[in-house]
Amino acid sequence: MKEAPRVVGRGLITLLVASFVIYLALSLAPGDPATALAGNRATPEQVETLRQQLGLDRPVVVRYAAWLAASLHGDLGRSLQFRQDTASLIEPRLGVTFLLVGYAFLLILVFGIGLGLLPSVRSWLSWPVVVVTALGISIPAFVAAMILIQVFALNLGWFPVLGTSNGDLRDQLWHLTLPAIALAISWVAYVGQITRASVREQAGKEHVDTARGRGLAPRAIFSKHVLRNAAIPIITISGLALAALVAGSIVVETAFGIGGIGSLLVTSVLAKDYDVVLAISMIFVLAFVVATTVADLALVALDPRLRSKMSA
Amino acid sequence: MSTLATAPHEWSVGTVLRRLDPVLTVVTVVLVALVVVAICAPFLAPYPPEQIDLLDANQAPSAAHLLGTDSLGRDILSRLIYGARLTFLGPTLIILLATIAGVSLTISSVWIGGTYDRIVSRALDILFAIPGILVAVIAVAIIGPGLIAPVIALSLAYTPYLARVLRSVAMRERHLAYIEAGTLMGLSGWAIGWRHLVPNVMPMVRAQAALAFGAALVDLAAVSYIGLGVQSPIPEWGVMVAEGQAALLNGYPWQAISAGIAIVVVVLLVNVAGERLALRLERPR
Amino acid sequence: MTETLLELQHTGLDIPVGGRLLPVVHDVTLTIARGESVGLVGESGSGKSMTARTIMRLTRHDWRPRGAVRFAGEDVLAMGSRRLRQLRGAEIGMIYQDPRAHTNPVRTNGDSLLEGMLAAGVPRQEATERALGLLASVGIPDGVRRMAQYPHQLSGGLLQRIMIAAAMSMQPQLLIADEPTTALDVTTQEEVMAILGEQRTERGLSLLVITHDLDLAAAVTDRIAVMYAGAVLEVAPSRSLHREARHPYTVALMTSRPALGSRRRIQTIPGRPVSAFEVGEGCVFAARCPFAVDHCRTERPELREVDGHQVACHRIDEIGDEIDTLRGEL
C-alpha cells in the first residue's frame with residue numbers, strides 16, 4: 001500500500017506538533033519547579049543554581065528538544081509527589097489502563113455494531129434501537145458508573161465495588177467489567193447509531209438495486225454491497241471512539257478507584273506534579289494518534305477512492 | 001440572490017407554523033423551562049443550597065425533602081436547582097466561544113484560501129485528535145482548578161468540531177451562484193462572508209451547536225466530577241455526583257443518582273433538539 | 001407474428017406514501033416479441049422507470065404491483081424469491097441511466113462484472129474468460145486492466161459499457177435499458193447505442209429501451225409505446241410514429257419538439273404535466289386534452305387498433321380530421 005507512509009507520516013507530524021504545544025502550555029504554568037524542588041529553606045542562590053542545573057534558563061524549544069530526546073531514551077523526569085522516577089511510576093499503571101481501554105473497545109465493537117445491525121435482521125427492532133441508542137449516548141461515563149455500582153455491585157453483588165485486582169487476568173477482568181461498561185456505554189450507543197444509519201443509507205443506494213437485478217441473493221447483497229460500504233464510516237467512528245476511551249479512562253479510573261495512568265493524571269494535576277502530567281498527557285496523545293492513524297490506514301485499505309485521491 | 005440569502009429570515013405566521021416540528025417544540029419548551037428554573041432558583045428552591053443540617057443528613061425522599069438530603073443534610077432538590085446554573089452556564093459559554101471561533105476561522109480560511117487555509121486546517125485537525133477532557137485537564141494543570149480553565153480548554157477543543165461541519169457547507173456555498181454574483185458586484189470577501197455566508201450556514205451552526213452543547217456539558221461535568229472543575233461546596237451537577245458517590249457507597253444513593261439522572265435528561269433533550277434541527281436541514285422546507 | 005417474450009397487461013404499481021397507497025403506474029399494456037426492440041417513451045415522472053422495475057420486480061417489499069407481467073408465458077408477479085433471482089440477470093438484464101451511481105464504488109469493475117455469473121454458479125475461471133470476451137465485444141480491449149480498476153478510475157461511457165457487458169454476461173433474453181445514455185455525453189451516447197444494437201442482432205436479444213428522447217427511440221427500436229402519467233396512450237411502429245401519430249397527446253408531443261432546420265414556432269402543451277397519482281378515474285390526459293369530453297373524465301380508455309397503431313382514446317374515431325390538421329403543422 002503506497003499510501004501507508006503518507007498516513008503514518010501525517011500521524012507523526014500530528015504527534016510532534018501536539019506534544020510541543022502541550023509542552024509549551026505546561027511550561028506556562030505558574031510556579032517554578034526549581035523553587036518547588038529546592039524546598040522552603042533554600043536561598044535564592046540555591047534555587048538559581050538548581051534552575052540552571054535543570055536547564056530552566058534555556059528557551060522552551062531547546063528544553064522541549066532535550067525533553068524529547070530524554071523521553072525517547074525512557075527518561076521522563078521525576079515525580080515531585082512520589083519522589084520517584086516518572087517512568088517507573090507510570091509503567092506498572094499502564095497495563096491496567098490499556099486493559100480497561102481494550103476491554104471497553106471490545107464492548108463497543110461487539111455491542112455497538114451488533115446493536116446497529118439489529119434493525120437489518122429484524123425490522124421491527126428499528127424503533128427500539130433508535131430509542132436505546134439516543135438514551136445511551138446521553139449517559140456520561142461517571143453517571144453510568146454510579147448506576148452500575150448501585151445496581152450490580154451494591155444491590156446484586158455480582159461485581160466488586162471499587163479497586164484494582166492483583167490477581168490473574170480473569171480476576172482483573174472481573175474487576176474491570178463495570179468500569180469497562182461505564183466507559184463504553186455512550187460509545188456503544190453512538191457506534192450503534194452510526195452503524196444503523198450507514199447500513200440504512202447503503203441499503204438504499206442505487207448500486208444495491210443493480211446487484212438485485214443481477215440475481216444476487218439477499219445475504220450476498222448485504223455482505224458485499226451494504227455491509228462492505230457501511231464499514232467505512234463505522235471504522236472512522238471506531239477510531240475516534242478508541243481515542244476517546246483513552247481520555248475517558250481519566251474519569252472512569254477515578255470513579256472506580258482504579259490505579260491506572262488516568263487516575264494518576266488527576267492526582268498529579270492536583271499536586272502540580274508537572275513531569276508526570278506531561279508524561280501521561282504525551283502517552284494519551286500518542287494513543288490518540290495511533291488510534292486515528294490505524295483507522296486511517298484501515299480506511300485507505302477499504303475505500304479505493306481515497307487511494308487515488310491521495311496519490312493525485 | 002437576495003431571496004436566497006434572506007430566506008432563513010422569513011418568519012411569517014404561515015411559514016413558522018408549517019415548519020414547526022412537534023418534537024422539537026416540546027423539547028425546546030422543556031429546555032427553556034429548565035433554564036428559567038435555574039435562573040429563578042432563589043424563588044423556586046425550597047431551601048438554601050448550602051444550608052447544612054447534620055441532624056437531617058442522608059434522608060430518603062420525603063414531603064419535606066422531595067429528593068432527600070445529602071450527607072451534610074443539605075436539600076438535594078435545592079442543590080440541583082441551584083446547580084443547574086453553573087451546569088448550564090459552562091457549556092453555554094463553551095459553545096458560544098467555540099462557535100464564534102469556528103465560524104470566523106472557517107469563513108476566513110475558506111475565503112482567504114492558500115497557505116492560511118492549509119495551516120488553519122492542519123491546526124484544527126491536530127486539535128481534533130486531542131479529546132476535550134485531556135485539553136481541560138491540561139488547562140487545569142496550568143491555570144488551576146475551577147470553571148475558567150475547563151471552559152477555555154473545551155471552547156478550544158470544540159472549535160474543530162464546529163469548524164469541520166461548517167467548512168463543508170461553506171465550501172459548497174462559496175461556489176453557489178449568489179456568492180459568485182456578489183464577487184462580480186465587487187463586494188469584499190468579508191462583506192460576502194458575513195452578509196451572505198453566515199446567514200446561510202446558520203441553520204447548520206444551530207444544529208451542530210446543540211449537539212456540541214450536550215457533549216460539552218458532559219465533559220465539563222466530568223471535569224468537576226474528578227475534582228478539577230467547580231469545587232465543592234458550590235452546587236454543580238458533576239460535583240454533586242462526586243459528593244454523592246461516597247454516600248452511595250454507604251447506602252444513600254439519592255444525591256448521586258438524582259444528579260446523574262438530571263445530567264442524562266438534559267443531555268438527552270439537547271441531543272434530540274440537535275438531531276431534529278439537523279434533520280430539518282436534510283428535508284426540503 | 002413471432003413468439004411473445006414479455007407481456008404486460010394492465011400492469012400498475014402502487015407505492016405507499018404517508019400511509020396511503022398511491023399509483024405511480026396506472027395501466028401499461030405492452031408486448032415484446034423475441035428479438036424485437038421496443039421503446040417506452042415519456043416525460044420524466046411518467047412512470048417509465050417504475051414500469052421497468054415492476055417487470056423485474058425490483059420493488060420494495062411494501063410496493064404493490066398490479067395486473068399481469070408474463071415473461072415467456074410465466075407470471076413474474078407470482079414468482080417466488082428463488083425463481084425471481086434466476087429471472088433477474090439470467091433471463092432479463094438491465095442497465096441504468098447513471099452507471100456511476102449504479103456501480104458499487106468500493107469494489108473493482110471485475111467484481112461487478114463477475115458477481116452475477118458467480119451467483120448463478122458459473123466457475124470463476126469460466127466467468128472471467130466470458131467477461132473478457134464480452135468486454136472486447138463492447139469495445140474494451142484491455143479488459144484485464146479494466147477489471148482490476150475501480151469505477152472511479154473510469155469514464156461514464158466506459159462504465160456504461162461494463163454495465164452492458166455485465167448484463168450480457170448471463171445471456172439474458174431481454175435487456176431493459178433505462179435511459180442508458182442520458183448521463184453520457186453526445187458522442188458516447190451514439191457509441192453505447194451502437195453497442196446495444198450490435199448485441200441485439202448478434203444474440204437475438206429483445207430490447208426495452210426506456211427514454212424521454214423520441215429520436216433516440218425511433219432510431220433503435222421497432223415499436224414505440226408512449227407513456228403519460230403512468231399509462232400507455234399509444235403504441236406505434238417507430239417508423240411511422242412521427243408522421244402518423246394518432247393520440248392527441250402524442251401529436252402534441254410531436255408538435256412541441258424543435259426540429260433542426262425548421263423555423264416553426266414550437267407549440268407547448270397547455271397545462272402542466274401531471275403525475276400518475278394526480279389523475280382520477282378517466283383518461284390520464286383528459287385534463288390537458290383539447291378534445292376531452294365528460295366521458296373522457298370518467299372512464300379510462302383501453303388501447304385499441306387504429307390503422308396499425310394501438311391508441312387509448314375514446315374519441316379517436318371522431319377527431320381524426322382535427323388530429324390531421326394539428327399534425328399538418330409539423
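Within every chain, numbering begins at 1; the chains are lettered A, B, ... in the order of the sequence lines, protein sequences first and strands thereafter.
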Check each atom of [X] against the heavy atoms of chain B and say whether the ones under 4.5 Å are side chain, backbone, both or neither.
{"X": "A:Leu26", "value": "both"}
{"X": "A:Leu15", "value": "neither"}
{"X": "A:Ala141", "value": "neither"}
{"X": "A:Ile22", "value": "side chain"}
{"X": "A:Val277", "value": "side chain"}
{"X": "A:Gln193", "value": "side chain"}

Taking only Lys NZ, Arg NE, NH1 and NH2, and the carboxylate oxygens of Asp or Glu, determine whether A:Glu253 and A:Arg93 approach each other closer than 4.0 Å.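 Result for this pair is no, no salt bridge flagged.
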
Could B:Arg74 and B:Glu243 be called an ion pair, given the rule that one side-chain N must be under 4.0 Å from one carboxylate O?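 Yes.
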
Quick check for you: among [options], which has the greatest number of heavy-atom pairs under 4.5 Å with chain B?
{"options": "A:Thr292, A:Val285, A:Ile250", "answer": "A:Ile250"}
{"options": "A:Ser138, A:Ala144, A:Ala25, A:Ala244", "answer": "A:Ser138"}
{"options": "A:Ser281, A:Ala291, A:Ala243, A:Ser186", "answer": "A:Ser281"}

So for [X], is it side chain, backbone, both, or neither that comes closer than 4.5 Å to the heavy atoms of chain A?
{"X": "B:Leu249", "answer": "both"}
{"X": "B:Ile126", "answer": "both"}
{"X": "B:Ala215", "answer": "neither"}

Are any side-chain N or O atoms of [X] and backbone N or O atoms of [Y], one a donor and one an acceptor, separated by less than 3.5 Å?
{"X": "B:Glu236", "Y": "B:Ala84", "value": "no"}
{"X": "A:Asp273", "Y": "A:Val269", "value": "no"}
{"X": "A:Thr133", "Y": "A:Gly192", "value": "no"}

Could B:Arg164 and B:Phe128 be counted as a cation-pi pair, given that NZ or CZ must be under 6.0 Å from the ring centre and within 45° of the axis?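 Positive - B:Arg164 is close enough to the ring of B:Phe128 and near enough to its axis.
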
For B:Tyr82 and B:Trp237: C-alpha separation, side-chain torsions, deciding distance, then whether ring pair (Phe, Tyr, Trp, His ring centres under 6.0 Å) applies. CA-CA 9 Å; B:Tyr82 272 95; B:Trp237 293 355; over 10 Å; no

I'd like to verify something: which residue of B:Ile226, B:Val218, B:Val140 has the highest number of heavy-atom pairs under 4.5 Å with chain A?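 Counting heavy-atom pairs under 4.5 Å, the top option is B:Ile226.
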
Would you please indicate yes or no on a ring centroid separation below 6.0 angstrom for A:Phe20 and A:Trp67? no

